[in-house]
Amino acid sequence: MKKFCFILLLAYGMQGEAQSIKTSDEQRVEALLKQMTLDEKVGQMTQVNISVVLKGGYGNQDASMDMEKLSEAVTKYKVGSILNALHGYSVATWHTIIKQIQDEAKKNARFIPVIYGLDAVHGQTYTLGATLFPTNIGMAATRNIDLARQEAKVTASELRASGTRWNFAPVLDLGRNPIWPRLAETFGEDVHITTTMGAAMIKAYEEDGLKNTTAVASCMKHYIGYGDPRSGKDRTPAYIPEITLRELFLPPFEQAVKSGASTIMINSGEVNGVPVHGSKFLLTDLLRKELGFKGVIVSDWEDIKRLHERHHVASSPKEAVKMAVMAGIDMSMVPNDYSFFELLKELVLKKEMTMQRIDESVRRILLLKAKVGLFDNAYAENNAVANFDKPEYHQAALQAARESMTLLKNHNNVLPLTKTNKVLIAGPTANSNAALNGCWSFTWQGNDEKWYPARNRTIVQAIKEKLGAGNVIDVTDTAKGFNSPKNFDTTSIMSSVAGADVIILCLGENAYAETPGNINDLTLDENQLALARAAARTGKPVILVLVEGRPRLITSIEKNMSAILMAYWPGSEGGPAVADVLFGDYNPAGRLPITYPRFTADIVPYDFKPTEGREGEPREIDILTGSDVSTTTPLYQFGHGLSYTTFSYSDISLNSKQLKSNGTLTATIKVTNTGQREGSHTIELYTRDQYASITPSLRRLKAFKKINLKPGETKEVSFSLSKADLSFINEKLQRVTEPGEFLIMIGEKRTSFNYIQ
């Protein structure tokens, strides 16, 4: 027996990555890998879109399978993964799809199940009746990590109920450029919020165990630097020095790896002239070797082909495949043909690619399938169906939407409105479910109203329920959604306003995803600004509700709005959440996770440096925010958000005026609700390194805590800081903490301490 164990250990130790005795899943994978043919291995690395196997391809309307095409995909090309959907399918339809695919896979000599993947980035996409939460930008506004966990738990359960075990989420891109059409999918511009919320969601997706019907494999994306393209357009180049890449863009992925993310998807663009899909430095040296990621690396949509067709760094399609695989890609989202299969097979047969390299990727893919239980049961699990569409999911989505609501302006406390008010409601987002839900909502773009459940209430519908239809003057289109010309008719406001006490004007953006959301001007379009001007001319108070995926500029109309509520894309319960806040049934507490720009030429994230000021101008520091107001004048600062009550802070108390390298520093502050209403409030702690070898930011968010206070109640809140919290990347690309003075800022309060080596 001892001799057998020694031989077993020796054999395993000689294979690939050094490891101890293998788990049962690893043993199964190693045994299977030894039996597989080249076609089977290359097939595992191939991922195609569902349109490839449906009758009529992209024109399919009913999810009917073309069995000959399915056979071609799964039997001939032995594809390892299928993704996506053309629109929302019922749970029963998903079960049929999964059964047909796995039945076909069973026909192969070695039954290797197909793993299905979906982009459920704010709830279970592509499944009718699923629960949709605010997009990540709204979740970040809640400053509530528990809500992020809850969203992931609900999403995992509903994915699993529909037969899917791989979720292409969460998005960990920093949204540093507000023009970028994928900003709504991010947690905003701050690295600390993105890192903490992203890690919490990854743990929530996977912590129950991937063979459990309440868990799915997560996919951190899009590695790396995707959210700060210079042009602001999707899939376009970013120019990010490595020092900045490591300081801001890497930490969310580093923490995600530590949190156990099973897979990762790659940035479709390029960084400093190098497409990420072809970068061995980023995919292997940094991700694999430095961060220690051992999971599956999947490409994004068609991005290996684009190394040749778009980026022009590969001289042929075959060279593009070679470049991507040698850089570190494990699976190619081809997605509409089998070119990757053919070219990769050719590379191996011509000895331009080693079988060892192929085995590395296939081993990871097979292990993923084993971990999610596909080898045990490849079909949709019937006992998971009970976890779909539970009433508590709707309540969780409602709470998330409520907590995301960010009150930007409330002149003379015009809000909350009384329920005896008669209101006129206008604007394109007032009666649109698409605008409330945004991208990846039953369809990719999310802009087709017909797929939204009847139970979802628009803002107009929710307000009518709250006030009674007789107290609502509705000048929106109730049938055609966002783009109806009626929604942009300024004369209807003027002709219908008599008898109204207040105007609720709902502006913003219709749903969009990725490249179709590219714009040339961040300013809100003129036909919507004209609505705002017309509303203001009536002399009635105008409550502006912004339903949008990014901060569209409203500077020209802001002064004429009595109140402004930022709703983001709040999800399936967004209509009731907006109504609850407007009429005082919920006290808003959201805080901006982005800087809301005032001017098109003044787009600067909150954590800018003093050197970004205009040379020769006197520096003036805003005492409330620590911002250099001679440098940047946003319309609303990062972290801004009003309440229907007021809060006051005591001075900051430190347990010591010195922090030593192996110790911690505790900062404590007392927060009092000085108003007349109960309310939630997020306390944010910022630090500033007064002097450093790399020019320091004027402030960086290091911690936040959300509390609830009754009128007159006081709570003590403490934060702990360590050496790591004060660290930064120096010119040698090392993370260091340098001795010296640091400033702590909580609200308008400030104090300082010294870090001692």
Side-chain angles (χ1 to χ4, degrees), residues 116-127 130-173 184-188 193-222 252-253 255-265 295 368 371-373 384 387-390 392-404 437-441 568-573 593 706:
Y116 212 101
L118 289 174
D119 295 84
V121 297
H122 65 116
Q124 164 53 323
T125 316
Y126 296 127
T127 302
T131 306
L132 296 178
F133 286 75
T135 53
N136 280 354
I137 199 76
M139 293 302 293
T142 72
R143 299 295 201 272
N144 189 332
I145 294 175
D146 287 338
L147 274 178
R149 291 191 190 100
Q150 197 171 10
E151 177 197 337
K153 291 289 189 186
V154 171
T155 303
S157 294
E158 295 204 322
L159 274 163
R160 200 76 180 225
S162 61
T164 302
R165 306 188 194 187
W166 188 10
N167 186 19
F168 302 139
V171 173
L172 299 182
D173 305 308
E185 298 178 57
T186 76
F187 292 109
I193 293 175
T194 302
T195 299
T196 54
M197 283 200 159
M201 293 191 77
I202 284 167
K203 288 178 181 177
Y205 281 130
E206 303 207 17
E207 66 188 353
D208 291 351
L210 293 180
K211 294 186 180 181
N212 195 298
T213 56
T214 57
V216 292
S218 64
C219 184
M220 46 183 172
K221 65 184 192 184
H222 308 81
F253 292 98
Q255 190 59 46
V257 171
K258 293 177 182 177
S259 299
S262 292
T263 70
I264 190 168
M265 189 181 293
L368 173 66
K371 285 181 175 179
V372 299
N387 292 327
F388 188 80
D389 194 26
K390 290 185 174 182
E392 56 263 39
Y393 298 172
H394 308 161
Q395 187 59 40
L398 175 61
Q399 187 62 21
R402 284 169 168 170
E403 292 196 35
S404 73
N437 287 278
C439 58
W440 304 107
S441 300
Y568 311 95
W569 280 339
S572 55
E573 299 295 329
K706 192 169 188 176

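Given the structure is predicted, the values throughout are model-derived calculations rather than measurements.
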Verdict with supporting geometry, Asp119 and Glu185, side-chain contact (heavy atoms from CB on, under 4.5 Å): CA-CA 11 Å; Asp119 295 84; Glu185 298 178 57; over 6 Å; no
Nearest-0.5 Å distance that lies between atom CD in Gln255 and atom OG1 in Thr195: 7.0 Å
Which atom of Ala397 lies closest to which atom of Pro134, heavy atoms considered: O-CD, 4.5 Å
Gap separating the OG1 atom of Thr194 from the CG atom of Asp173, nearest 0.5 angstrom: 9.0 Å
Under 3.5 Å donor-acceptor, Asn387 side chain and Ser157 backbone: no
Interatomic spacing from CG in Asn167 to CZ in Arg165 - rounded to 0.5 Å: 14.5 Å
CZ on Phe253 to OG on Ser259, rounded to 0.5 Å: 13.0 Å
Close side-chain approach of Asp389 to His394, heavy-atom, < 4.5 Å: yes
Distance (rounded to the nearest 0.5 Å) between Leu132 CG and Thr155 OG1: 8.5 Å
Least distance between heavy atoms, Ile202 atom then Gly260 atom: CG2-C, 4.2 Å
Straight-line distance of Thr186 OG1 to Met197 CE, nearest 0.5 Å: 12.0 Å
Lys203 atom NZ, over 12 foreign heavy atoms within 6.0 Å: no
Pairwise side-chain contact, Leu118 with Gln124, heavy-atom cut-off 4.5 Å (strictly under): yes
Distance-minimising heavy-atom pair for Ala256 and Leu172: CB-CD1, 3.6 Å
Minimum side-chain heavy-atom gap Ser572-Asn437 below 4.5 Å: yes
Residue pairs passing the ring-ring contact (aromatic ring centres under 6.0 Å, His included) test where at least one lies in residues 131-166, sequence neighbours excluded: Trp166-Phe168
Heavy-atom donor-acceptor pair, Arg160 side chain to Val216 backbone, under 3.5 Å: no
Short side-chain to backbone donor-acceptor contact, Asn212 and Thr214, under 3.5 Å: yes
Side chain to side chain, Gln399 and Thr142, heavy atoms closer than 4.5 Å: no
Side-chain touch Tyr205/Ser262, heavy atoms, less than 4.5 angstrom: no
Minimum side-chain heavy-atom gap Leu210-Val372 below 4.5 Å: yes
Closest contact, heavy atoms only, Gln150 versus Ala396: NE2-CB, 3.6 Å
CA sep, side-chain torsions, deciding dist, call: Thr127, Glu158, side-chain hydrogen bond (donor to acceptor under 3.5 Å, both in side chains): CA-CA 9 Å; Thr127 302; Glu158 295 204 322; over 6 Å; no
Any donor-acceptor pair under 3.5 Å from His122 side chain to Cys439 backbone: yes
Contact check, side chains of Val257 and Met220, non-hydrogen atoms, under 4.5 Å: yes
Heavy-atom closest pair, residues Ala152 and Met201: CB-O, 3.7 Å
Least distance between heavy atoms, Ala261 atom then Ser218 atom: CA-OG, 3.6 Å
Asp146 and Lys706 ion-paired at < 4.0 Å: no
Flag if over 12 foreign heavy atoms under 6.0 Å of NZ, Lys371: no
